Participant: 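Once you've had a glance at the structure underneath, I'll fire off some questions.
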Amino acid sequence: MTDDLLHSLNDQQRQAVTAGGGPILVLAGPGSGKTGVLTRRIAYLIRAVGVRPWQIMAVTFTNKAAAEMRQRVQALVQDERLYGFQIGTFHSTCARILRVEADYTPYTKDFLIYDTDDQLSVIGRAMDDLDLDPKRNSPRAILNAISSAKNELILPHQYQSVDLFTEIVARVYPRYQRLLEQSNALDFDDLLVQMVLALRSSDMLREKYQQRFEYVLVDEFQDTNSAQYQLVKLFGAPQNNVFAVGDEDQSIYAFRGADYRNVARFRKDFPDAQVILLEQNYRSTQTILDVARAVIDKNTNRTVKKLFTTRKDTLPILVHEAWDDEQEARFVADQIDLLRLKHGYRYSDFAIIYRTNGQSRALEATFVHRALPYTIYGDVSFYKRREVKDVLAYLRLVSNPNDRVSFERVINVPKRGLGEKSIRDLFRWLDQEQISLLNGLERLTEGDAPPLAARALKPLAEFALMLRGWRSQAQTGQLLALFDTILAEVGYRLYLRESSDTPQEAQTREDNVDALRATLQTADERQMSLQDYMIEATLMQDAADTRTNEGERVTLMTMHAAKGLEFPVVFITGVEEGILPHFRSLEEPNGIEEERRLFYVGITRAKDRLILTYAFRRGLYGSSSVQERSKFLLDIPPQLIDAPPGTLRTDQGAAQFSSMTRWDGGMGRLKDDLARGSASSGRVIPFPRQDAARATQFRAGMNVFHEAFGQGKVIESRIDGEDEIVTVAFVDRKFGIKKLSLAYAKLTVLQ
């Protein structure tokens, strides 16, 4: 009866599909067929166990995944209807139930669901009621803080302030929630919170749905937040037929509230749970899996999975050191041409994965010049991103102050209180007077006012004065200084933070601006004029505008976007300190472990070939600076790496030995290195005992100050002969991470 469900499964998959009742935790390695296991489990419950479709609740994280899962289950059970089968996202499932059970909430069944713009409007009203200035307290930041609190099931009266900002949040949160109730509206987080509260407060309601849903299945369990985890427990009780599928090693969405520790909580809350590991990989070569394991095994608080494959073909991974990001992009393009020629790969077989959005710029520029077809997965081309187009419009207006299109784009970015009517009236006056935009703005500064509303004249005159100053500065030929002046005078970076939905979005947009800034530094080095620079940038914009997604194309994407995808050949670029791991991870608890999981996800996208690259210099965070290759590369056993002499492979033994004095090193690391023969010279250098015995002056986590670089945080400190070498991540990103010798550098500890 169920042979067709089980015949193609391996032993671990079959065990998961046919497991009995009670709590079951399936920890599925990448490429192990977890979606097939989940859908076959549902089909098995219906066909073999006799469970009715309406007694099953299946939850996943996207509507697309839910639709695909429903289709696969329908094909397996050979029933297009599946009456009552509940499958969807957490939010859609809760919204559907709350419509029916609204009497258990403060809302009526015709409640509204507010989107982000609606929520910001309510935040604005709440702040106005409390006499709080939105210019001093970002409404978006407050909304994000409230959202984070709701994800943790912290209600308005439970919210505790710890500093000035959270004190503001503590005042706004209750008023915001009251305004939502008055409008009979819920935000997206309320869908989860109100469902939890309703189930907790009513025994009758809770028993109703616990009796209805005899089996609860959850996909991507490692991405659940606290509210979602509580929903799983509430719906699953008392029979606890909860089937959770996930992998804590692939938890990469902490910035959305996901908590990989829910896997450990599941095991604690359900001590009798069956734990099944899916370790056979159907995607990658054994070398790629061994590299992935070497990286992820350094993380703590995880379940070890011995990934393996039956594939016989295998190649060492390639590690390439480039001079800068431009040379790195050319190397990637060369490799694509070579692999297509020698091995017959198609463009669609290649993926280039990077940590930050702004890294695509150099790659796109090279691909355009080389006429290599590409597509940006889950994003738009660098030169089509809103913030990049904004800044280029400012520069274009400086280059050509009669450019009305650029003027219209930037005159209210950031907002200056000018409406569309004021701009139309200005242009009408220019046409009547038969003068250019530049002449009109100059007359404004001289007091020759056009027939506009008085409230529009002042911001226009102020803008005209700024434009005059920028045009004067442009004559010096220092484009980078001009760029910095424009952004500072208009407050563009503050605007990015205030206009972004999340801190992560704001950071991504600022990274893009900084990536554009690096091109200005390069232009200065090439002694380009502003006009020459704008011609080159316009050509890149035009290439982005005419690019289509049709046909065979190389895929470019961030690591977060790559999850769930696979490609025969994968490049991971920018494997450098400050990028991967990202410098922001140094400020967050468990940040380095999340970065290691990101790298792991990127590695396991590769099926046949994996190529890692890093650059000696990179223009990313607004300037071209010397980079240091990622510490993650040192975790990879040398025998798995193909690298030219003098780069990673020959340096690795010394680097690993040096790491013994680091916070993540120790004698265990040295023993492991020696056991696998990673010292390329084949001999052991005696450990310098007198240095090891000397205590370092600085420790990881210390806040320090440097006269030239400003404030920073110590990452590590080690003794080197008579000197102490301190690695510091500086707050100012143009300095980034630096290694400083205390024999020359003066560092002051900040309390």
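If you're wondering where the values come from, they're calculated on a predicted model, not measured in any experiment. Values reported hereafter were calculated over all heavy atoms of this structure, with side chains retained and with hydrogens, waters and symmetry mates removed.
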Participant: Can you list the residues that meet the salt bridge (charged side-chain N to carboxylate O under 4.0 Å, His left out) rule with Glu220, with sequence neighbours excluded?
Facilitator: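 Here the qualifying residues are Lys34, Lys563.
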Participant: If the condition is side-chain contact (heavy atoms from CB on, under 4.5 Å), which residues does Ala333 pass it with, not counting sequence neighbours?
Facilitator: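 Result, side-chain contact (heavy atoms from CB on, under 4.5 Å) vs Ala333: Thr366, Phe367, Arg370, Leu372.
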Participant: So Tyr374 and Leu363, do their side chains get closer than 4.5 Å, heavy atoms only?
Facilitator: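 SC-SC contact between Leu363 and Tyr374 ruled out.
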Participant: By the definition side-chain contact (heavy atoms from CB on, under 4.5 Å), identify the one residue from Val391, Leu530, Leu480, Leu482 that meets it with Leu520.
Facilitator: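 Per the side-chain contact (heavy atoms from CB on, under 4.5 Å) rule, the option paired with Leu520 is Leu480, out of Val391, Leu530, Leu480, Leu482.
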Participant: Just by distance, with hydrogens left out, do Asp187 and Tyr176 show a side-chain donor and acceptor under 3.5 Å apart?
Facilitator: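 Checked: Asp187/Tyr176 side chains pair up, N/O donor to acceptor below 3.5 Å.
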Participant: With side-chain contact (heavy atoms from CB on, under 4.5 Å) as the test, pick out the partner of Arg493 among Glu498, Glu510, Arg509.
Facilitator: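 Of Glu498, Glu510, Arg509, side-chain contact (heavy atoms from CB on, under 4.5 Å) with Arg493 is met by Glu510 alone.
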Participant: For Arg409, give me all partners under salt bridge (charged side-chain N to carboxylate O under 4.0 Å, His left out), at least two apart in sequence or on another chain.
Facilitator: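 Counting only residues at least two positions away or on another chain, Arg409 forms a salt bridge (charged side-chain N to carboxylate O under 4.0 Å, His left out) with Asp390.
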Participant: Should we count CD of Gln531 as having more than 12 external heavy atoms under 6.0 Å?
Facilitator: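 Count over threshold, so yes.
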Participant: Mind checking what makes salt bridge (charged side-chain N to carboxylate O under 4.0 Å, His left out) contact with Asp189, not counting sequence neighbours?
Facilitator: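 Here no residue qualifies.
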Participant: Under the side chain to side chain donor-acceptor pair (under 3.5 Å) rule, collect the residues that match up with Arg597, sequence neighbours excluded.
Facilitator: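 Side chain to side chain donor-acceptor pair (under 3.5 Å) list for Arg597, sorted by chain: Glu594.
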Participant: Return the CD to CD distance between Gln222 and Glu248, rounded to the nearest 0.5 Å.
Facilitator: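 Gln222 CD to Glu248 CD: 8.5 Å, rounded to 0.5 Å.
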Participant: Taking ring pair (Phe, Tyr, Trp, His ring centres under 6.0 Å) as the cut-off, I'd like each qualifying pair that reaches into residues 484-516, sequence neighbours left out, listed once.
Facilitator: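 For residues 484-516, and leaving out neighbouring residues, the ring pair (Phe, Tyr, Trp, His ring centres under 6.0 Å) pairs sorted by first residue read Tyr492-Tyr495.
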